[in-house]
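Structure first, then comments.
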Number of protein chains: 2
Amino acid sequence: MGRKRLQEPADGRPTVHTVAARAGVSIASASRVLNGVGGSPETIRKVRAAAAEVGYVPNAIARSLQSQRTGLVALAVEDIGNPVYVEMMRAIEAVVASSGRQLVVHATGGRIDNEMTLLRRLANRYVDGMIISPIRVTDDHLGALVGSPVPVVVVGQLGADAPVDNVRTDSRHGVALAVDHLLAIGRRRIGFVNGPLDTVPGAARDAGFRAALARHGIELDEDLVEVGDFQYAAGRAAAVRLLARAAPDALVCANDLIAVGALHALLATGRRVPQDVALIGMDDTELAQMMFPQLSSVSLGSAERGRRAAELLLQRIADPALPPRREQVQPSLAVRASSAATPPSPRPSADPFEPTPAHPYREGVTS
Amino acid sequence: MGRKRLQEPADGRPTVHTVAARAGVSIASASRVLNGVGGSPETIRKVRAAAAEVGYVPNAIARSLQSQRTGLVALAVEDIGNPVYVEMMRAIEAVVASSGRQLVVHATGGRIDNEMTLLRRLANRYVDGMIISPIRVTDDHLGALVGSPVPVVVVGQLGADAPVDNVRTDSRHGVALAVDHLLAIGRRRIGFVNGPLDTVPGAARDAGFRAALARHGIELDEDLVEVGDFQYAAGRAAAVRLLARAAPDALVCANDLIAVGALHALLATGRRVPQDVALIGMDDTELAQMMFPQLSSVSLGSAERGRRAAELLLQRIADPALPPRREQVQPSLAVRASSAATPPSPRPSADPFEPTPAHPYREGVTS
DNA sequence: TTGTATGCGTTATCAA
DNA sequence: TTGATAACGCATACAA
């Protein structure tokens, strides 16, 4: 025999039973009133009064067990401190919160085993769905994604036509925008500081850079290409290595953190930006506009991708029968001082504080 | 009459009943084996085999209903994109994840009603505890905190001796460290760019600045004080206003975002940092080291406070009877190029890439 | 409209 | 060790 049902739990917190007893009705009636369905005026009054008196608050867990919904949505990214993911997370949190749900965050450290663990854990239904942005995609991933017991939306490139909701961008094209712009302002020796080539974004950017040069009939000098990881320190170090052996008149960086590192390297060695070396980052995070000079950057729509991913997920949670969807966010180039065609004079006398629009000039938005 | 208990739920996912039936034992035995408590070798074998065959995964919600634990911890901050909170969140996530729990994040927008809503919602037990960093503290807050049905840890100043677990720092002293340092390197006209005075951190920094000057017998020129909010754009704008009416030889900023905005304002108007104006930020976020020149900054131990808050919370969850604790993280000053005593030459010929330790020089660590 | 009785999936109790 | 069953707190078919 089990325990006797207590009207008041051990910790003294009121339940429907408490309210029902106090109101002199059955728990069914109490529950109905508390959920706003049915009940005679008199019953409603009594139950509401009783609930207020004892300070009743429905238990979210019990409600979840009944509804099979937790009201939670998970986000799994490599590092919740990376500006790209921060912007993505912020956008997702806003959408999720406005739907009355809450966001659970996971830092995977980019480790595949961690991601697999999270995907497997979905089976226990602790969340209603997950948004994941894997930096590398393996077959195991695909299997876990396709066979996931709860809705999953992937942010990022996904091979083939995996039947998984997916929000992506075209970072190859993004790199091309940067290269085209630099060539257009007369730069010829364009360097490239990339992240690891064995990551999805790293490989795409590398391919994009080479393709863009080739399209313009420019032969790539391998000395102008350097690889680190997607962090500030590694970006700075990579830029230092590159500058030690080559003399670029422009630098494209695989993300803004790398670009900030490169800017530091350039300025610290007395190079002027953009006069001596033009500089373009990627992701167009807030960081880009905080630098001096402000950094040109290829927007890959981090926030927009996050927002859309969240919406796709909420839709699928509402209707799991939906067919898999794929959305694409077009990259665009925000041109700022670091790649200005007409270099500003070193000591501007005019008011340097004219409002700087977030994206003063865009290329390729429609291409 | 209710529904009949189905051995397999509608969605076909296996439960203990499925496993028990397949193994030919009772659900009690199945549950015991699955939890690793008891069971004969033969029973264990059969149950494990059955579980593996049907791909059984325990349901987190049902388990929570039974255990009264969700395994979730919440974090509520103003803006999950602010570098300070990002660092805090990252530290908290690490502690929380390593305890096998997961982190739910809330962006309050600094709005008290949002915070109150979250605190009230704790009553439904959707998380095991919460870490909250209110930017303003009202009596309502205190009431909700003290009477919270689940453990709450506050990061930040908390009036009086509220019986609530609390991790704080001494930002007044932090400002003093900055002022002392600037005076020590010979600066005399020290400006201050603060955040809103009606916030706890804003008020503390203001008091700290005035007290520090007074302690040195320096009369404060109100023209040297400007207020915005704790963001980059507002910080830049505030610095512009200040520079338009006064000529400081040093600037203390209430956080790094403001300092970065001020740096932008200084450089854009042709001022040299630190030669013309020395600059010190607060929070010592990663941002500070990314700037050129690298920014001196008063560390208030964001990550450390987050880590400690998480540990306090986990301890309290484990033992709610613990007395309220208060921990304090001492501020320390990281001196970098932006307030260097010996201004570097504008075009360094030596290797500018000697490794820069995170905190090359600290003051006040022990005070 | 109201109350009774189940069921959500799990763990814990108790008797065998 | 094992099985039957109550209980976690809530929502809901069904009968009254």
Side-chain angles (χ1 to χ4, degrees), chain A residues 1-21 23-47 51 54 56-71 123-126 128 149, chain B residues 1-21 23-47 51 54 56-71 123-126 128 149:
Chain A
M1 197 167 40
R3 291 148 285 167
K4 285 281 291 295
R5 169 173 284 279
L6 272 52
Q7 201 167 86
E8 299 236 1
D11 63 359
R13 299 190 61 262
T15 72
V16 222
H17 292 86
T18 321
V19 175
V25 300
S26 69
I27 63 164
S29 289
S31 176
R32 276 188 291 258
V33 170
L34 294 170
N35 284 291
V37 300
S40 70
E42 175 62 6
T43 304
I44 292 178
R45 191 194 56 72
K46 287 189 297 187
V47 171
V54 300
Y56 171 77
V57 175
N59 181 299
I61 303 170
R63 181 172 284 186
S64 288
L65 185 59
Q66 172 74 22
S67 67
Q68 302 287 18
R69 288 264 159 101
T70 61
N124 72 17
R125 308 251 145 153
Y126 75 101
D128 296 338
Chain B
M1 196 168 42
R3 291 148 284 167
K4 286 280 290 296
R5 168 176 285 277
L6 273 50
Q7 201 168 84
E8 300 235 359
D11 64 359
R13 293 182 29 49
T15 72
V16 226
H17 292 84
T18 321
V19 174
V25 300
S26 71
I27 61 163
S29 290
S31 177
R32 276 188 292 258
V33 170
L34 294 170
N35 284 292
V37 300
S40 69
E42 175 62 4
T43 304
I44 293 177
R45 192 191 58 72
K46 287 189 297 186
V47 171
V54 299
Y56 170 78
V57 176
N59 181 300
I61 305 171
R63 180 172 288 183
S64 289
L65 183 59
Q66 171 71 25
S67 66
Q68 302 287 20
R69 288 263 158 104
T70 61
N124 72 17
R125 310 243 131 148
Y126 76 102
D128 297 337

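Values below: all heavy atoms of this structure, side chains included; hydrogens, waters and symmetry mates excluded. Note that this is a predicted model, so its numbers are computed, not measured. Below, chains carry the letters A, B, ... as their sequence lines are ordered, and counting in each starts from 1.
The main-chain N or O of B:A60 is found under 3.5 Å from a side-chain atom of B:S64 such that the two form a donor-acceptor pair. When atom types are taken as modelled, the side chain of B:N124 and the backbone of B:Y126 share a donor-acceptor pair closer than 3.5 angstrom.
Between B:P149 and B:A123 the shortest heavy-atom distance is CG-CA, 3.4 Å.
With D:dC10, C:dT10, C:dG9 as the candidates, the nucleotide lying closest to the side chain of A:L65 is C:dG9. Candidate nucleotides C:dC8, C:dT10, C:dG3 were compared by shortest atom distance to the side chain of A:Q66, and C:dC8 ranks first.
Side-chain nitrogen and oxygen atoms of A:S26 include none within less than 4.0 Å of the OP1 or OP2 phosphate oxygen of C:dT4. Proximity of B:Q68 to the phosphate of C:dT11: no side-chain N or O atom is located under 4.0 Å from OP1 or OP2. B:R63 has no side-chain polar atom (N or O) that falls below the 4.0 Å cut-off from OP1 or OP2 of C:dG9. Between A:Y126 and C:dG9 there is no side-chain N or O to OP1 or OP2 distance below 4.0 Å.
Proximity of A:R63 to A:N35: side-chain heavy atoms (C-beta onward) are separated by under 4.5 Å at one or more points.
In this structure, the CZ atom of B:R69 is 18 Å from the C1' atom of D:dG9, given to the nearest Å. In this structure, A:R125 atom CZ and C:dT10 atom P are separated by 12 Å, rounded to whole Å. Taking atom CD on A:E42 and atom P on C:dT2, their separation rounds to 9 Å, with Å as the unit. When rounded to the nearest whole Å, the span between NE2 of B:H17 and C1' of D:dT5 equals 10 Å.
Of the inter-residue distances, the one linking A:I61 atom CD1 with B:R69 atom CZ reads 10.5 Å to the nearest 0.5 angstrom. Note that CD1 of A:I44 and CG of A:L34 are 10.5 Å apart. Values are rounded to the nearest 0.5 Å.
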**OP:** Give the C-alpha distance, both sets of side-chain angles, the deciding distance and a yes or no for side-chain contact (heavy atoms from CB on, under 4.5 Å) between B:T15 and B:N59.
**Re:** CA-CA 8 Å; B:T15 72; B:N59 181 300; over 6 Å; no
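For DNA chain D, the residues of residues 30-41 of chain A within the heavy-atom distance limit of 4.0 Å (strictly under) are A:S31, A:R32, A:N35, sorted by number.
If you check every strand for non-hydrogen atoms under 4.0 Å, B:I27 touches a base. Note on B:T43: only backbone sugar-phosphate atoms sit closer than 4.0 angstrom, heavy atoms only; bases stay farther off.
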